[in-house]
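Start at 1 with the first residue, then count along the sequence. For the numbers below, each heavy atom of this structure counts, side chains included, while hydrogens, waters and symmetry mates do not.
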Amino acid sequence: MPDAHCSKCCPIKPPKPEVPAPWPASALVWLAILCTVGTGLYALVMWAASSLF
């Protein structure tokens with residue numbers, strides 16, 4: 001139960017829900033680079049494995 005005296009001078013506002021900030025463009029660029037490098041490494045390993053056997 002809020003204090004009647006305090007609520008007169010300090011109105012009680014419900015806290016705003018936190019909205020996560022959107023990712024900056026640089027993070028998306030790094031994510032794309034990492035995905036490209038990972039795909040390239042996977043393709044290289046598969047090519048090397050198929051060449052060996």
Side-chain angles (χ1 to χ4, degrees):
M1 183 90 185
D3 184 19
H5 175 74
C6 183
S7 64
K8 288 180 183 175
C9 60
C10 308
I12 300 172
K13 297 179 182 175
K16 294 181 181 178
E18 291 187 21
V19 178
W23 283 19
S26 59
L28 296 176
V29 169
W30 277 109
L31 186 62
I33 290 172
L34 288 176
C35 287
T36 304
V37 169
T39 304
L41 285 174
Y42 175 77
L44 185 64
V45 167
M46 289 297 120
W47 173 78
S50 66
S51 304
L52 292 175
F53 298 109

Got a sec, which residues hit side-chain contact (heavy atoms from CB on, under 4.5 Å) with [X], two or more places apart in sequence or on another chain?
X: P20; result: none
X: V37; result: I33, L41
X: A48; result: none

Distance from L34 atom CG to T39 atom OG1, nearest 0.5 Å? 10.5 Å

Cluster partners of V45, using ILVMFWY side-chain heavy atoms under 4.5 angstrom, listed by chain and number? Y42, M46

